[in-house]
Amino acid sequence: VQLQASGGGLVQAGDSLRLSCVASRSSRRTFSNNALGWFRQAPGKEREFVAVISWNGGSTRYSDSVKGRFTISRDRAKDTVDLQMNSLKPEDTAVYYCAASLYSDTARYSQDYIRSWGQGTLVTVSS
């Protein structure tokens, strides 16, 4: 596994969680020049895009369902990407996957152009 995600858990609606994803030291690979982001997969549903940040942090993009509630950030020096999730809703319940793009920009960030996936972290939001 080249990317390792953490921070998931069980929370109540309205609570906050912060997910983190770091490049594995054993991978000997860096993602500092790649766009980084998050997808999620809810039970019985297809995996969907959540958020992405460009290689230098200058551009971000969010799905409509999380815009205004989630904030993505990255630390290029540490090769990490975080997802701050506020005002969580039961429909945010899913396994969250971090992923590094083949590209540096946010526009081409999609499941078809992923260089590396994290292992996923479960977020459960109770009502």
Side-chain angles (χ1 to χ4, degrees):
V1 177
Q2 297 177 345
L3 291 171
Q4 296 179 335
S6 63
L10 172 63
V11 297
Q12 294 186 333
D15 286 351
S16 298
L17 269 181
R18 188 177 185 89
L19 304 183
S20 295
C21 182
V22 60
S24 170
R25 293 182 180 178
S26 63
S27 73
R28 300 182 182 179
R29 303 184 74 172
T30 177
F31 301 99
S32 60
N33 293 324
N34 302 90
L36 295 175
W38 296 86
F39 293 87
R40 68 185 181 186
Q41 187 167 21
K45 295 187 178 181
E46 295 186 352
R47 188 160 51 189
E48 64 176 4
F49 163 77
V50 176
V52 59
I53 187 166
S54 62
W55 72 280
N56 64 353
S59 177
T60 58
R61 181 164 61 90
Y62 298 90
S63 69
D64 289 342
S65 62
V66 308
K67 197 175 299 181
R69 299 187 297 122
F70 292 10
T71 302
I72 191 170
S73 60
R74 70 182 295 167
D75 185 326
R76 292 185 72 221
K78 297 180 179 178
D79 230 355
T80 60
V81 60
D82 291 348
L83 186 68
Q84 177 66 40
M85 306 186 296
N86 298 329
S87 302
L88 283 163
K89 304 175 181 180
E91 50 264 45
D92 294 318
T93 295
V95 176
Y96 284 71
Y97 299 90
C98 59
S101 175
L102 290 170
Y103 304 107
S104 60
D105 61 279
T106 60
R108 290 179 285 181
Y109 191 77
S110 79
Q111 297 186 61
D112 294 333
Y113 303 115
I114 295 301
R115 172 184 172 187
S116 182
W117 289 94
Q119 84 282 14
T121 184
L122 177 62
V123 173
T124 304
V125 184
S126 64
S127 58

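Keep in mind it's a predicted model, so treat the numbers as computed, not measured.
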Next item on the list: Please determine, by modelled atom types, if Asp82 and Ser20 share a side-chain donor-acceptor pair under 3.5 angstrom.
Entry: yes

Six-ring centre of [Y], [X] cation under 6.0 angstrom, axis tolerance 45°:
{"X": "Arg61", "Y": "Phe49", "answer": "yes"}
{"X": "Arg47", "Y": "Tyr97", "answer": "yes"}
{"X": "Arg108", "Y": "Tyr103", "answer": "yes"}

Item checked: side chain to side chain contact (heavy atoms under 4.5 Å, CB included) between Leu83 and Arg40, intermediate numbers included -> CA-CA 12 Å; Leu83 186 68; Arg40 68 185 181 186; over 6 Å; no

Less than 4.5 Å apart, side chain to side chain, heavy atoms only: is that true for [X] and [Y]?
{"X": "Tyr109", "Y": "Ile114", "answer": "yes"}
{"X": "Val81", "Y": "Ile72", "answer": "yes"}
{"X": "Ser104", "Y": "Asn33", "answer": "no"}
{"X": "Trp117", "Y": "Gln111", "answer": "yes"}
{"X": "Trp38", "Y": "Ile53", "answer": "no"}

Item checked: Salt bridge Asp64-Lys67, side-chain N to carboxylate O under 4.0 Å -> yes

Return the minimal non-hydrogen interatomic distance between [X] and [Y], and the atom names on each side.
{"X": "Tyr96", "Y": "Asp92", "value": "OH-O, 2.7 Å"}
{"X": "Arg115", "Y": "Ser101", "value": "CB-O, 3.8 Å"}
{"X": "Gly120", "Y": "Val95", "value": "CA-CG1, 3.9 Å"}
{"X": "Leu3", "Y": "Cys21", "value": "CB-SG, 3.8 Å"}
{"X": "Leu88", "Y": "Arg69", "value": "CA-NH1, 3.9 Å"}

Notebook entry, point to check: Is it the case that one hydrophobic cluster holds both Trp55 and Tyr62, taking links as side-chain heavy atoms less than 4.5 Å apart, direct or via other members?
Noted result: no

Show the atom names and distances, to 0.1 Å, of all donor-acceptor pairs under 3.5 Å that link a side chain in residues 10-17 to residues at least two apart or in another chain.
{"unit_1": "Asp15", "atom_1": "OD2", "unit_2": "Gln12", "atom_2": "N", "d": "3.1"}
{"unit_1": "Ser16", "atom_1": "OG", "unit_2": "Asn86", "atom_2": "OD1", "d": "2.9"}

